[in-house]
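See structure below.
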2 protein chains.
Amino acid sequence: MKSLSIKDIAVKANVSITTVSFIINGKAKEKSISEAVIEKVKKIIEESGYKPNQIARSLRTGHSNIIGLIVEDISNSFFSRIARLIEDKAYKRGYKIIYSSTENNIDKAKELINMFKSRKVDAYIISPIKGIEEDIQMLLDDGNPVIFFDRNLPDINTSYVGADHFDASYQSIQNFIHQGKKNIALVTTDINVKQIVERCDGYKKALEDNGIKYDDNLVLKIHFNQEEGETIDQMKKLFEQRNIDAVLFATNYLAISGLKALKQINKKIGDDFSVIAYDDHEAFELHTPGISALQQPLEEIAENVIKLILQQLSSKTKLDNQEIIIPAKLILRD
Amino acid sequence: MKSLSIKDIAVKANVSITTVSFIINGKAKEKSISEAVIEKVKKIIEESGYKPNQIARSLRTGHSNIIGLIVEDISNSFFSRIARLIEDKAYKRGYKIIYSSTENNIDKAKELINMFKSRKVDAYIISPIKGIEEDIQMLLDDGNPVIFFDRNLPDINTSYVGADHFDASYQSIQNFIHQGKKNIALVTTDINVKQIVERCDGYKKALEDNGIKYDDNLVLKIHFNQEEGETIDQMKKLFEQRNIDAVLFATNYLAISGLKALKQINKKIGDDFSVIAYDDHEAFELHTPGISALQQPLEEIAENVIKLILQQLSSKTKLDNQEIIIPAKLILRD
DNA sequence: AGGATGAGGTAAAACGATTTATAAGAAAAC
DNA sequence: GTTTTCTTATAAATCGTTTTACCTCATCCT
C-alpha cells in the first residue's frame, strides 16, 4: 500500500529518476529527451496513477504552491464568501489556499503566522488585527509576499485591497439626511483597525458637511468579544432612550444583533426609523421590511487580491505596493 | 534572510544535529542527554527564534499534522460553522485543518482528494458527494482515516457522524399535522445522498403514519446547481397553484429561496401557512414571523468528528467503524 | 581481571523529489 | 583524423529533518 515514488516509475520505465523528473516537469524537450522515452514514461505514470509527493517537492524547491489566508472568523459570511472566491480563483492558477481564523486573538494570529511560515506557504493574504505588526514586518523582511484585505494596518507598508469604507459611510449618512433624519446613530466595534476608523470618519464628516453636530452619545462602541446578549442590551438602551431616527451599523453581525434588539423592544423599521448595515447579509434581503445595506464588492476584492498576489509571486523583484480601493454599493431596500 | 535550520543551531551550540533533534522532540531524557546540554540548546533555540521546517519533518516522518476537510461549499453557514468548530478543536490538539469546497462537482472533489493525498494529510473529514466512492475507497485501502459527516455514502464502509435526518423530518411533519395541516409540501434537492433521502423518508413515513397519502405533486426536487431565479420560480408555482398549508424545506438555502419566493408572491407565513427549514440560519430568527427550523447540533457533530479522528490517529490498528447519530432539535418560532 | 551496563553523545541513512554537472556516442567541423 | 558540438541520458548533491546504529568512557559486578 505504500504510495509510489518517482523511483518506482523510473524502475518500471527502465530509465533514470532524473529523466522521469524532467518529463513530469515538462522539461523533457528542453533537456532533449527522445519522444519515445517521453511517451513510455507518461504512459506508465498514467497507468499507475502516480502523483508526485508534494512535500518532497516543496522541500527541494522551497515553495509549496500554497497561499495562507488569515481572517478574523471564517464563519462570518463576509469572510467565508471572500475565502470561497479567493479559493476558486487561486485554484484555477494552480494554487491551494489554507485558511484559518484568528478570532481577533493576537496570540492565535501569531501562532498561525508561525505555522504558515514553517509550512513554507508562498504568500500570505491577511485581514489583519492590531498587535501583529512585528510578525508581519518579519514576513516582509524575509521577502514573503503579504497582502492585506478588508483591513489595513497603518504602520505596515504592503499592498492592500478593500472597499472605500469612508465613502460608504459618508454616502449612507447622506442618504439618511436626505430622508430628513436628524438623530443618526452609529453602532460600531472597539477594534482599532483602519477600516473601522474610516467608517466612523465617514459618519462624522457627513454630519459635519450637513451642519449637524457630532454627538458622542449617539455612537455606541461594542467590545469585540462580548456576549451577544450584552450587545443586544446595550443597543436596546440606545434605541429606547433617545429619539433616534436612523442607525448605521458598522458590521453585519452588529446589524444582526441590532435587528434582534429592535425586535425585542418591538420597534419597527419604517418611515420614522431607518437602518443601514455595513456588509450585506442574506438575512437583510429577506427581512420585512428589507434592510438597506452597504454591499462590498466581494468578487472584485477577491479578484484584485489574487491578481496582486500572483503578480508578486511571478516577479523576481519586489513590486511596488499598491492600494486598491473599491467603492461599496448602497443597496436600498423597501 | 535564509531561515535557520537545525544545523545552524547545532553549530551554534557546538553539538550534533542529532542532539538538537532529540531535544526538540522531547526525547532528550530518554536518550540521556545531560541537563547542561539541554539547557544550552534550548536557550539558543529560544533566542534565535528557530522553528523546525515542517515540510522536512513531514517528509521524514510521513505525517503532516494536517487534517483535510472537504465540504460542499464553505460559504454555506452550516459548513463554515462546523469548519470553524472543527478547526478550533483540532487546533487545541496540535492539528491544523485545510479545507476546500467541492461545489458538488465530482471532478473537483477528486482533484481535492488527490491534492490532499499528495500533501500527505493525516486524515480526511468529508461531507461526501456521490461519484467519488472509488477515490474514497482507495484512501481507505491505503489505511487513511476517513470520516464522513452530515452525509453518508451507502457503499462505503467508514465512520459517520450526523444528525438524525429521518427523525427530524418525521418530527416536523408530525408537528404540522398536529397543527391540523393537510397539504404538506416538501422542497428538496435532487442530489442523491443518504441524508437527503432520509429527510424524504421521514416525510413520507410521517404522512403514512397519520393516514395521509403521499402525493408526488407536493414534492419539489430542485436541481443542485440551478440558478436561484429559476428555483424561486418553481417554488412560486408550487406555492400558488395548490392549496398547500405547510412546507418543509430540506436545506437552509432552499428555505431562503423559498422565503424570497413567498415574499414575491406576497404570501404570508402564519396560521394558514407554516414552514419549517432544515438547518437553522441566522436569517430565520430575525425573520418576521420567526421561521421554525430543525437545528443541527453543530457543536456535538464537530466534537464527535474530532473525537473519532483523533482516536483513529492515535491507534496503530484500524478501529471499528462507528456511526454516531445525533438528534436534531426542532426550534419552533412565533 | 574481564565482561556487562550505563551515560552521553554522534555519524550517516533515509524520506522523495529537483537540479547541476557530466558521460558516451554520433555527427559535424576543421 | 582530430576536435567540437549535439543528442540522449544519468549520477550524485541537495533540501531539513528523524532515527537507527554505533562509539567511547566510566563504573559495576563477579
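Keep in mind that this is a model prediction, so the values were computed, not measured. So that the names make sense, note that chain A is the first sequence line, chain B the second, and so on, each numbered from 1.
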query = What distance do A:Asp122 atom CG and A:Lys96 atom NZ have between them, rounded to the nearest 0.5 Å?
reply = 13.5 Å
key: A:Leu4 CG to C:dC15 C1', straight-line distance once rounded to whole Å   = 15 Å
task = Specify the separation, in whole Å, of atom CD1 of B:Ile55 and atom P of D:dT17.
result = 11 Å
key: Length of the CG-P vector between A:Asn53 and C:dA14, whole Å   = 17 Å
remark   = Residues at least two apart in sequence or cross-chain that pass side chain to side chain contact (heavy atoms under 4.5 Å, CB included) with A:Lys92, listed by chain then number, are none
inquiry  = Distance check needed: C:dG9 P versus B:Lys29 NZ, whole Å only.
reply    = 13 Å
query = For B:Glu134 and B:Lys110, what are the C-alpha separation, side-chain angles and deciding distance, and is it a salt bridge (charged side-chain N to carboxylate O under 4.0 Å, His left out)?
reply = CA-CA 10 Å; B:Glu134 259 184 56; B:Lys110 286 177 183 232; 5.8 Å; no
Residues which pass ring-ring contact (aromatic ring centres under 6.0 Å, His included) with A:Phe78, listed by chain and number, not counting sequence neighbours = none
ask   = Could you run down nucleotides 18-25 of chain D 5' to 3' and tag each one B, S or - for protein heavy-atom contact under 4.0 Å?
value = BBB-----
request  = Take A:Ala56 and B:Ser34, find for each the nucleotide of DNA chain C with the closest heavy atom, and name the residue whose nucleotide sits nearer the 5' end.
outcome  = B:Ser34
request  = Compute both the distance and the angle, then confirm whether A:Lys108 meets the cation-pi test with B:Tyr91: under 6.0 Å from the six-membered ring centre, within 45 degrees of the axis.
outcome  = yes
ask   = Where along residues 40-51 of chain A does a heavy atom come under 4.0 Å from DNA chain D, residue by residue in number order?
value = none
message = Can you pull out every salt bridge (charged side-chain N to carboxylate O under 4.0 Å, His left out) where at least one residue sits in residues 3-30 of chain A? Sequence neighbours excluded, please.
response = A:Lys29-A:Glu35
task = Return the angle between end axes of the helix from C:dA1-D:dT30 to C:dC30-D:dG1, with five pairs used per end and rounding to 10°.
result = 60°
ask   = Taking atom NZ of A:Lys42 as the centre, does the number of heavy atoms from other residues, nucleotides or ligands within less than 6.0 Å exceed 12?
value = no
key: Rounded distance in Å - CD1 (A:Ile33) to C1' (D:dA9)   = 6 Å
query = Whole-Å distance between C:dG9 P and B:Ile38 CD1?
reply = 9 Å
note = Closest heavy-atom pair, A:Ile156 versus A:Gln137, reported as atoms and distance to 0.1 Å, is CD1-OE1, 3.7 Å
query = Are any side-chain N or O atoms of B:Gln312 and backbone N or O atoms of B:Leu319, one a donor and one an acceptor, separated by less than 3.5 Å?
reply = yes
ask   = Between A:Asn65 (CG) and C:dT18 (P), how many Å, whole number?
value = 12 Å
ask   = Rounding to a whole Å, what distance do you find between B:His63:NE2 and C:dA14:P?
value = 20 Å
ask   = Do A:Asn321 and A:Asn157 come within less than 4.5 Å of each other through their side chains, counting heavy atoms only?
value = yes
query = For C:dG16, does either OP1 or OP2 sit under 4.0 Å from a side-chain N or O belonging to A:Ser5?
reply = no
query = Does the separation of the ring centres of B:Tyr99 and A:Tyr99 fall below 6.0 angstrom?
reply = yes
